[in-house]
Each structure stands twice: as structure tokens, then as C-alpha cells.
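In what follows, a structure is listed as C-alpha cells, so that the remarks can point back to it.
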Amino acid sequence: MTAFLTALMTQNIPDAPLCIEGETCFRRDQVRADIHRLAHYINQSGATYIALHCHSARLFLTGLAAIWQAGCHAVLPASDKAGYLDEIASQFDLFLDDGKINHTLACNTPASSGDNAVLPASENCHATFYTSGSTGAPKAITKTLSQLEAEMAMQTPLWQTGLKDDARILGLVSHQHIYGLLFRVIWPVMTGRVFVATQARFWEDIIADLKTGDIIIASPAHLQRLHPDLATAPRPARLFCSGGPLDQPSAAQSQAAFGIWPTEILGSTETGGIAWRQQTTTDAPWAPFPEVKTALNDLGCLMVAARHIDGANWHHTEDRAVFDATENSHRFRLRGRTDRVVKIEGKRISLSRVEAHLKNHDWVDDAVALLPDETDKRLAAIVVLTPQGQTRLNELGTFRTGQMLRSHITRHEDDAALPRRWRFVASIPTDSQGKKPLHDLRALFDKSATPETIAAAMPVPSRIPAAPTEPALFPTILARSVENDLARIEMRMEPGLLYFKGHFDGSPVLPGVVQLHWAVHYARGAFDIVITLHEITQLKYRKVITPTDQIHLLLQCDRIRGQVKFTYAGTDTDYSSGIIKYSKAD
Amino acid sequence: MTTLETELKAFIIETLNLEDLNIEDIDSNEALFVEGLGLDSIDALELGVALQKKYDVRIDAKSDDVKNHFASVHNLAKFIEMSRGKP
């Protein structure tokens with residue numbers, strides 16, 4: 001096992017391939033020359049924070065090593081969508097992707113061999129990852145190369161058994177995230193294993209390529225959707241799975257397909273790997289990695305400390321855990337997430353616990369606890385009442401009903417956990433992925449929110465889709481307001497929208513029928529009406545909508561006539577307008 | 001109901017941002033904390049600070065009477081009037 005940059009930049013393993021991309025094998029010396037040339041370019045650019053997003057893990061490795069070699073800071077966006085990059089644009093001053101790197105390598109005259117260049121120290125090499133934070137905005141987490149190296153040095157002895165030297169590493173996950181970066185790039189370089197540079201999207205991409213004894217880097221999404229042909233494919237020597245919880249039946253099906261149990265790794269961007277297990281039985285306990293110290297905090301959540309996390313400092317996770325009482329090995333089982341821990345009056349409050357107490361109450365069907373905005377000092381709750389609770393709400397009013405629920409919570413929790421503001425709703429806003437986007441929940445507490453918006457909180461897709469590879473079906477919503485029967489929705493088109501595909505090549509245009517579909521979709525949410533399309537009149541398309549346009553959708557509901565007038569308005573001209581007539585549900 | 005009591009009710013609602021609660025919903029004699037209005041210890045802190053600011057009353061935390069003064073709007077009004085009466 002060799003330090004990453006030493007292995008990559010100075011180790012001489014003649015003719016040994018570093019990685020495979022398509023049909024081509026790339027040797028270390030080839031990639032090394034590219035790194036020197038790219039580092040030279042980066043040096044000349046004067047940039048310090050360099051965003052890197054590649055589809056090829058080889059170009060990614062080239063970029064990453066060059067950024068560090070040039071003494072710069074690597075910024076690793078989770079997606080290369082224009083809207084996403086805009087959100088973090090202030091955090092980098094140069095953007096490199098496959099095209100840019102290839103172009104630079106093709107144009108730049110070869111720099112001096114660079115063999116004498118001094119390698120930067122691992123602790124001075126920084127990489128910033130992004131996770132979708134609890135607010136939905138990308139949350140930056142910075143690691144040093146020495147942390148990444150420490151983690152793989154710690155894990156490697158656990159996995160070496162049964163792995164042949166020529167075992168190759170194939171990945172179904174992106175190296176833009178920490179798990180993919182560690183296992184698909186850092187680990188192979190440090191251990192001299194060959195990696196496949198192209199990320200497989202589907203099992204079909206791997207099956208033809210798989211050799212007996214290979215190592216597969218997968219996620220629960222793939223293990224829950226196994227391909228039937230895998231049963232007859234060559235057997236891998238190890239199958240890693242991380243990025244989310246894997247259910248036991250899927251683990252067992254993977255075992256049946258591959259002949260080995262998946263090696264699940266528990267961790268997050270913040271922590272890196274914490275523990276591992278093979279789920280041979282349901283709820284098999286997690287074994288912490290050798291150097292990871294584990295304990296429970298006052299909320300019953302796992303806290304961890306290790307060299308690759310935050311040195312001697314405890315890092316508090318939001319996973320509730322119980323330690324295995326039957327043995328001394330520190331193995332533990334997870335007991336659900338204590339999502340969204342907030343600090344109130346200096347106390348750590350678990351929102352999930354507040355919600356659990358509320359849901360235990362006879363009056364409550366479903367509940368969400370939250371901080372309505374960052375400046376709020378007290379919690380708020382959104383509650384769906386049972387029929388019994390609804391009856392009491394009618395008698396008592398909102399305030400007294402809330403106080404009754406507070407007195408229920410206060411039996412279990414400190415005063416800091418008591419919600420101050422209450423919203424009693426028919427249903428809790430969820431998006432198309434079944435998640436509860438915080439900005440939609442928070443909108444219920446906006447001063448301007450009318451009872452109508454509260455009654456029918458509008459489902460909109462979260463700003464960052466969970467699966468960035470899937471094309472988006474809706475635009476990004478920047479703002480919206482509903483007053484009486486007038487709704488105003490400010491939206492931004494995204495180049496990644498499904499509907500821009502294929503028409504027309506080179507000059508994408510949003511189809512008219514999609515504009516109609518969106519108008520119906522947002523009108524349903526805004527006005528709490530059931531729209532069964534009856535007739536569309538006065539439909540006019542004046543100006544084409546292109547992938548980065550920012551547009552106001554105005555919706556005016558005329559309940560008496562049973563119609564909604566929609567207008568996609570631009571700054572000077574309208575894009576389109578029309579009237580949707582709906583048959584009233586009653 | 002005295003003017004000061006009405007004023008205090010409005011003041012409590014505003015200070016603690018008690019939504020959907022009107023002045024007439026608060027009984028002058030109902031308990032402010034735990035029972036009755038159901039305010040909590042953090043509300044008490046906020047209210048104490050705000051009262052000191054607005055009515056310039058000195059609340060001595062060591063005094064046993066604090067609990068009594070804050071028991072209801074009625075008591076609170078009495079306490080403020082008493083403090084004002086002092087030189």
C-alpha cells in the first residue's frame with residue numbers, strides 16, 4: 001500500500017495498466033504525463049479553487065492529481081447540471097470537465113517531464129464534496145487527501161483476503177461522491193489495482209465485461225434491481241455496497257446471484273466509512289472499522305471518532321444505535337435516523353423524537369417538526385389530525401389544540417423541544433419522490449401564507465433531484481405565492497429537463513403540451529381544485545421557451561366559471577397563455 | 001378586566017408570537033404556565049426580559065414571589081402596578 005500521489009506520480013511499474021477505458025488500457029506513465037501537462041495549465045490559469053466533474057474516472061484522476069500537484073483545491077460538484085453549478089458557482093474559479101481536460105491536453109505542448117516536481121503533502125491536498133443538506137441546498141464538506149488515504153489504509157487489510165492481484169475494480173457509482181472516489185479511484189491507485197474508468201449505469205454495462213475475481217462497487221439501488229443474467233456471469237470476488245440502507249432480501253438475492261454476500265459499508269460524506277457488515281441475517285450488526293471509536297450521545301445517536309473523520313473529536317451522526325449487549329466487540333445495530341437534530345437554547349433536540357411523541361397522541365395522524373427558518377428560536381409543527389383530533393380542533397381552536405399537544409410532549413422532553421407554532425393541515429406536502437422538501441414545509445409558516453396555501457401546500461420537485469442521472473420533469477421553482485385565486489410561480493428552466501430532449505437538436509424548445517401540463521399541475525396544487533380537463537380555449541404560443549429561461553407562470557382561478565387562465569410571462573413579452581376549463585368535481 | 005391586563009395580554013401574544021390567540025381568549029385568572037395557557041420555561045425567560053424592558057420592572061429571581069407574580073395576567077398586572085407605585 002503506497003501513498004496516493006507517490007503511487008501515481010513516482011512508482012514505476014513498467015507496462016502495468018493503471019486503468020481500462022473502453023478497449024484501451026492506460027499505463028501510469030501516460031496518465032502521469034497528462035497530469036503534468038494539466039497541472040502546468042492550472043498553474044498558468046491563476047485559479048485556486050477548481051471544480052472537477054468528469055464522466056471518465058481516468059480524466060477525473062488526471063484532473064484531481066493535477067489540481068493537487070498545482071497546489072490548488074479540488075471542488076467536486078455532485079452534478080454538472082447548469083442550475084446546480086450556478087448554486088455553487090461562488091465556490092470555484094475554474095471548471096474542468098471531460099471536454100475541457102481533453103481539449104487542454106490536446107492543445108498544450110508537453111510540459112517538461114515534471115518528474116522532478118515535488119509532490120505536495122497529503123494534508124495540504126483538499127477536496128470539497130457536496131451533499132444535499134437538510135435545507136435542500138448543496139452542503140460543502142472538505143476532506144484532505146491524508147484523510148482519504150488513512151481511511152483506505154484502515155480498510156484495506158479487511159478486504160485483501162481472497163482478492164487476486166489482478167482483480168479489477170468496476171463501479172456502478174460516481175466518483176464525484178466520496179464512496180465512489182475512495183473505492184474507484186483512491187484505493188486502486190494506492191494498491192496498484194486496475195480500475196475501469198467508465199462508470200457502469202446498469203448491470204448490462206458490467207455483465208459483458210466482468211471477469212472472475214473482479215471487485216464491484218455498487219449501491220443499494222443496483223442490488224435492489226439485479227439483472228437475471230448475473231446468475232450466469234463470472235463471479236466477482238467482492239461486492240461493495242454503500243450510499244444507503246440495503247434491505248436483507250436484496251442482500252440475500254445478491255448472494256444468490258453473485259455467490260457472495262454484499263459487503264455493506266456504513267458512512268456518510270462527513271464521516272467516510274464507519275463500519276461494515278454482511279447481512280446474512282436480518283438486522284445483522286455493524287462492525288466498526290478497526291480504528292473507529294464508537295459511542296452513543298445523549299440522544300442515543302452513534303458518535304464516532306477516527307483519524308480519517310475528525311481526529312480525536314467525536315462526530316455526532318444522526319443515526320440512533322444500540323450496541324450488541326452479548327459481546328464486547330462494539331458491534332451495533334441502527335435504530336433509524338434521528339433526522340435533523342437542531343439546537344434550541346443550547347440543547348440538541350431530535351425532531352424525529354418530537355414527531356414520534358406527536359404521532360403517539362390519539363389526535364395525531366402524522367406530524368413533522370421543524371424550525372420554520374434559520375433565525376427561529378423555537379420549533380414549529382405541521383400536524384395531520386385524526387377525526388377525533390379534528391373534532392377537538394373545532395372546539396378548542398389552533399392555539400389551545402397546540403397547547404394540549406405541547407403538554408403531551410412535555411411529559412417526555414425538555415421544554416426546548418416544545419413547538420411554539422402549529423399548522424394543522426389535511427396532508428403534509430411531499431414532492432414527486434415522496435420526500436418532504438423543507439422549503440415547502442417552511443412555506444406554511446411564511447407570514448404571507450394564506451389559509452388556502454396552507455390547505456393545499458403545493459407539491460414541487462426538490463431543487464436537487466435524488467438521482468441526478470434522471471432527467472427532470474419540472475422546472476426549478478424559485479418563488480411562488482398564492483393570494484385568493486391568483487397564483488404566481490417563478491420558475492427557471494433547466495437544460496436537463498426531459499422535455500428538451502430531441503426537439504430540436506441544437507436548439508431545444510419546450511413543447512407547448514408540456515406548458516399546458518405544467519399549468520394544470522401547478523393550478524391543482526395552488527387552488528386545491530380537481531381538474532378534469534374539459535376544454536382549452538384561447539391557446540396562444542407567442543415565443544419559444546428555451547433551456548435557461550426564467551419565467552413567471554401566472555394562474556388565475558375563476559371558480560364560478562370553472563376555469564383557470566394561465567400565462568407564461570417573460571420580462572417584456574408573454575411566452576404563452578390560455579384558458580383551461582375544468583369540470584367541477586362536485 | 002383592567003386596561004393594564006388587556007395591555008399585558010396583547011403584550012404576551014406579541015412577545016411570544018402566539019398565533020391564533022386573541023386577547024379575549026386569555027382569562028385574566030388562568031395560569032400562564034404549564035396548565036392554562038401552557039407556556040414553558042423558555043417562554044418565561046423571554047417574557048421576563050421583555051417585561052423588564054417595557055415596564056421597567058425589576059424581577060428578582062431569588063424572590064419567592066416570582067412564581068406568584070407570573071402565575072396569571074391578573075397577578076402580573078398587580079405586580080407591575082406595585083412596582084410602579086414604588087419610588
Side-chain angles (χ1 to χ4, degrees), chain A residues 342-349 354 357-358 361 363 371-373 375-383 385 392-425 444-451 454-455, chain B residues 1 5-54 59-77:
Chain A
V342 295
K343 269 203 166 174
I344 292 176
E345 299 294 314
K347 296 197 167 70
R348 294 169 66 85
I349 302 296
V354 173
H357 294 313
L358 282 170
H361 197 283
W363 300 357
L371 273 180
D373 72 70
T375 62
D376 257 299
K377 293 189 183 75
R378 299 303 303 266
L379 288 189
I382 303 167
V383 172
L385 292 169
R392 299 308 301 269
L393 176 68
N394 297 342
E395 292 163 19
L396 295 170
T398 304
F399 180 78
R400 301 275 173 182
T401 306
Q403 296 306 72
M404 296 297 279
L405 295 174
R406 275 165 64 103
S407 67
H408 169 73
I409 300 170
T410 198
R411 281 190 261 152
H412 309 273
E413 300 286 332
D414 192 273
D415 280 0
L418 300 178
R420 179 177 278 175
R421 300 165 72 193
W422 298 83
R423 293 289 179 269
F424 297 102
V425 297
L444 297 184
F445 294 91
D446 282 354
K447 291 275 184 287
S448 58
T450 62
I454 292 165
Chain B
M1 193 160 70
E5 282 177 11
T6 312
E7 191 183 305
L8 277 173
K9 286 175 190 174
F11 177 73
I12 292 170
I13 291 169
E14 196 200 317
T15 304
L16 301 180
N17 187 18
L18 304 180
E19 297 174 329
D20 311 296
L21 188 70
N22 299 314
I23 292 171
E24 52 273 22
D25 295 333
I26 305 176
D27 187 306
S28 294
N29 291 311
E30 82 174 309
L32 287 179
F33 297 94
V34 191
E35 303 285 304
L37 214 53
L39 303 183
D40 61 42
S41 59
I42 300 165
D43 296 329
L45 280 174
E46 267 182 65
L47 202 54
V49 173
L51 279 168
Q52 296 197 30
K53 251 191 215 162
K54 171 148 187 191
I59 299 162
D60 183 358
K62 283 174 199 151
S63 149
D64 284 343
D65 277 349
V66 173
K67 222 172 171 180
N68 190 27
H69 296 329
F70 277 79
S72 64
V73 170
H74 179 74
N75 286 16
L76 203 52

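Naming: A, B, ... by sequence-line order, numbering from 1 per chain.
Of the inter-residue distances, the one linking A:Lys377 atom NZ with B:Glu46 atom CD reads 7.0 Å to the nearest 0.5 angstrom. Here the straight-line distance linking atom CG of B:Leu18 with atom CD of A:Gln403 works out to 7.0 Å at 0.5 Å rounding.
Within 6.0 Å of atom CD in B:Glu24, more than 12 heavy atoms from other residues, nucleotides or ligands are found, so the atom counts as buried in its surroundings.
Within residues 404-412 of chain A, the residues having any heavy atom under 4.5 Å from a heavy atom of chain B are, by residue number, A:Arg406.
When every heavy atom of A:Phe399 is checked against every heavy atom of B:Leu37, the shortest pair comes out as CE2-CD1, 3.7 Å. When all heavy atoms of B:Ile26 and A:Arg400 are compared, the pair lying nearest together is CA-NH2, 4.2 Å.
Using a cutoff of 4.0 Å between basic side-chain nitrogens and carboxylate oxygens, A:Arg378 and B:Asp43 are scored as salt-bridged.
Chosen from B:Asp20, B:Ile42, B:Asp25, the residue pairing most often with chain A at heavy-atom distances under 4.5 Å is B:Ile42.
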- request: Could you give me the CA-CA distance, side-chain angles and deciding distance for A:Arg421 and B:Asn17, then say whether side chain to side chain contact (heavy atoms under 4.5 Å, CB included) is met?
  value: CA-CA 8 Å; A:Arg421 300 165 72 193; B:Asn17 187 18; 3.9 Å; yes
